[in-house]
Asker: 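Got a structure for you, questions after.
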Amino acid sequence: MTRVLLPLGLVLLMAGCGTDPADGADATDSTDGTDVAAAVEASTSGGSTDDADTATTPDASSTSTTASTVASADSTGTTEPSQPSSSTTSSAATTADAEVRCRPVADLEAADELTRWQVVNDGVMGGRSSAEAGVVDGVLTLEGDIVTDGGGFSSVRLALAEPLGESSGLQLRLRTDGRAYELTLADAAPGRDRRVSHQAPIEVAGEASWGEVVVDFADLDASVFGRPVEVDPFDPTAAVEVGIILADGADGPFRLELDWIRVCP
């Protein structure tokens, strides 16, 4: 083995630090250049590998937790609340809009409303039917007795303050005794005989209970004194009168209550 001779100054320095020069020499002798390089490479490689694994390969449970957290944030933080379908929204909006645009034909809450209504019985043609109308708590009541001998009808009519405009029918809320009442309308269309009445059945479901009815203008039939006539269809833009008539061909008492009449698009 080759002995390495150290300078005297270095020997004295090592001795002062508590290091045996022989030990240093042995340590130097026991490791040649190849062994030192291999040890350094192994040490560096091992440390780098451990660090790289820790930095680049996250723990599986950590990855799962992170993914779960992101998914949770996405589902609660970015998802818009569910909205009604477009068809439902459109339908609801159309209905609400139509209700807003409906207007009453008569204000039965007004103190003088009854003065606008007129009772017309078959006495105009020699009949003996009778009826009276009244308004109490916003409800119009028509009641009386039908006598078919010599006539056979009774009605109540309202002179309109303004035409009905571009509309397709009327809505009524009423309560009846189950007899066959009809809606009557009159207009002042050019060339129209003022005696012409346009009528359609009021189909009330059940007796003695309030119900809402829609009468379509397309269902109106024209007549003069109860006799059918061929004329132009009813014109709501020229309407001048609305009413309710009972002429069912049966004798006896009757009673009808009207809550409101509305015109809608």
Side-chain angles (χ1 to χ4, degrees), residues 105-106 114-134 140-161 163-164 167-207 211-258 260-263:
V105 171
L114 188 58
T115 62
R116 298 180 56 205
W117 294 79
Q118 179 185 14
V119 175
V120 179
N121 297 319
D122 57 14
V124 296
M125 55 185 292
R128 295 179 294 160
S129 298
S130 62
E132 292 184 354
L140 172 72
T141 300
L142 177 70
E143 59 183 332
D145 190 75
I146 296 295
V147 179
T148 57
D149 184 13
F153 79 86
S154 183
S155 67
V156 63
R157 306 174 186 182
L158 170 68
L160 295 173
L164 300 176
S167 53
S168 60
L170 293 177
Q171 297 180 355
L172 301 86
R173 183 175 188 269
L174 69 171
R175 178 165 59 183
T176 77
D177 50 16
R179 297 184 68 166
Y181 296 88
E182 293 184 293
L183 179 72
T184 67
L185 288 156
D187 66 22
R192 178 82 75 202
D193 185 333
R194 64 182 182 85
R195 298 173 301 170
V196 173
S197 174
H198 301 265
Q199 301 178 198
I202 299 175
E203 304 290 349
V204 179
E207 299 180 21
E212 295 183 11
V213 180
V214 175
V215 178
D216 196 313
F217 294 150
D219 296 331
L220 296 172
D221 293 320
S223 64
V224 174
F225 297 133
R227 300 184 183 89
V229 294
E230 292 291 334
V231 297
D232 291 335
F234 171 72
D235 181 2
T237 64
V240 294
E241 182 183 88
V242 61
I244 297 175
I245 188 172
L246 176 62
D248 59 357
D251 292 301
F254 67 90
R255 178 183 173 87
L256 172 145
E257 296 171 273
L258 175 67
W260 47 253
I261 302 178
R262 296 174 182 168
V263 60

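Numbering of residues begins at 1 and proceeds along the displayed sequence.
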Asker: Ignoring hydrogens and geometry, is there a side-chain-to-backbone donor-acceptor pair from Arg179 to Ala250 under 3.5 Å?
Answerer: yes

Asker: Got a salt bridge between Asp149 and Arg128, using NZ or NE/NH1/NH2 to carboxylate O under 4.0 Å?
Answerer: yes

Asker: Do Tyr181 and Val213 have side-chain heavy atoms sitting under 4.5 Å apart?
Answerer: no

Asker: Under 3.5 Å, side chain of Ser167 to main-chain N/O of Gly169, donor-acceptor pair present?
Answerer: no

Asker: Any idea which heavy atoms bring Asp232 and His198 closest together, and the distance?
Answerer: O-CE1, 3.8 Å

Asker: Drop me the distance from Asp251's CG to Thr148's OG1, to the nearest 0.5 angstrom.
Answerer: 3.5 Å

Asker: Mind listing the closest non-hydrogen atom pair of Val215 and Leu172 along with its distance?
Answerer: CG2-CD1, 4.0 Å

Asker: Is there a donor-acceptor contact under 3.5 Å linking the side chains of Ser130 and Asp145?
Answerer: no

Asker: Keeping Asp219 on the side-chain end and Ala200 on the backbone end, is there a donor-acceptor pair under 3.5 Å?
Answerer: no

Asker: Do Ile244 and Leu142 have side chains that approach each other closer than 4.5 Å (heavy atoms only, starting at C-beta)?
Answerer: no

Asker: Is any side-chain heavy atom of Ile146 closer than 4.5 Å to a side-chain heavy atom of Ser154?
Answerer: yes

Asker: Considering non-hydrogen atoms only, spot the tightest contact between Val231 and Ala222 and give its length.
Answerer: CG2-CB, 3.4 Å

Asker: What closest approach, in Å, do Glu241 and Leu160 show between heavy atoms, and which atom pair accounts for it?
Answerer: N-CD1, 3.7 Å

Asker: Check whether any side-chain heavy atom of Val124 sits under 4.5 Å from a side-chain heavy atom of Phe225, and report yes or no.
Answerer: no

Asker: Output, in order, the C-alpha distance, side-chain angles, deciding distance and verdict of side-chain contact (heavy atoms from CB on, under 4.5 Å) for Leu140 and Leu114.
Answerer: CA-CA 8 Å; Leu140 172 72; Leu114 188 58; 4.1 Å; yes

Asker: Within the structure provided, determine whether Leu164 and Leu185 are in side-chain contact (heavy-atom separation under 4.5 Å).
Answerer: yes

Asker: Give a yes or no on whether the backbone of Arg262 and the side-chain of Arg173 come within a donor-acceptor separation of less than 3.5 Å.
Answerer: no

Asker: Would you say CZ of Arg194 has more than 12 non-hydrogen atoms from neighbouring residues, nucleotides or ligands within 6.0 angstrom?
Answerer: no

Asker: To the nearest 0.5 angstrom, please state how far the CD atom of Glu182 sits from the OG atom of Ser223.
Answerer: 8.0 Å

Asker: Do you know which two heavy atoms are closest between Asp177 and Phe254, and how far apart they sit?
Answerer: OD2-CA, 3.0 Å

Asker: Considering non-hydrogen atoms only, spot the tightest contact between Gln199 and Thr184 and give its length.
Answerer: CG-CG2, 3.7 Å

Asker: What verdict does the side-chain contact (heavy atoms from CB on, under 4.5 Å) test give for Leu170 and Phe217, after you've listed the backbone C-alpha separation in whole Å, the side-chain angles of each residue and the deciding distance to 0.1 Å?
Answerer: CA-CA 8 Å; Leu170 293 177; Phe217 294 150; 3.9 Å; yes

Asker: Does the side chain to side chain donor-acceptor pair (under 3.5 Å) test come out yes or no for Ser129 and Asn121, once each step is laid out?
Answerer: CA-CA 6 Å; Ser129 298; Asn121 297 319; over 6 Å; no

Asker: To the nearest 0.5 Å, tell me how far Arg175 CZ sits from Leu256 CG.
Answerer: 10.5 Å

Asker: Checking the side chain of Thr141 only, and the main-chain atoms of Ala133 only, is there a donor and an acceptor separated by less than 3.5 Å?
Answerer: no

Asker: Can any side-chain N or O of Asp187 pair as donor or acceptor with the backbone N or O of Phe234 at less than 3.5 Å?
Answerer: no

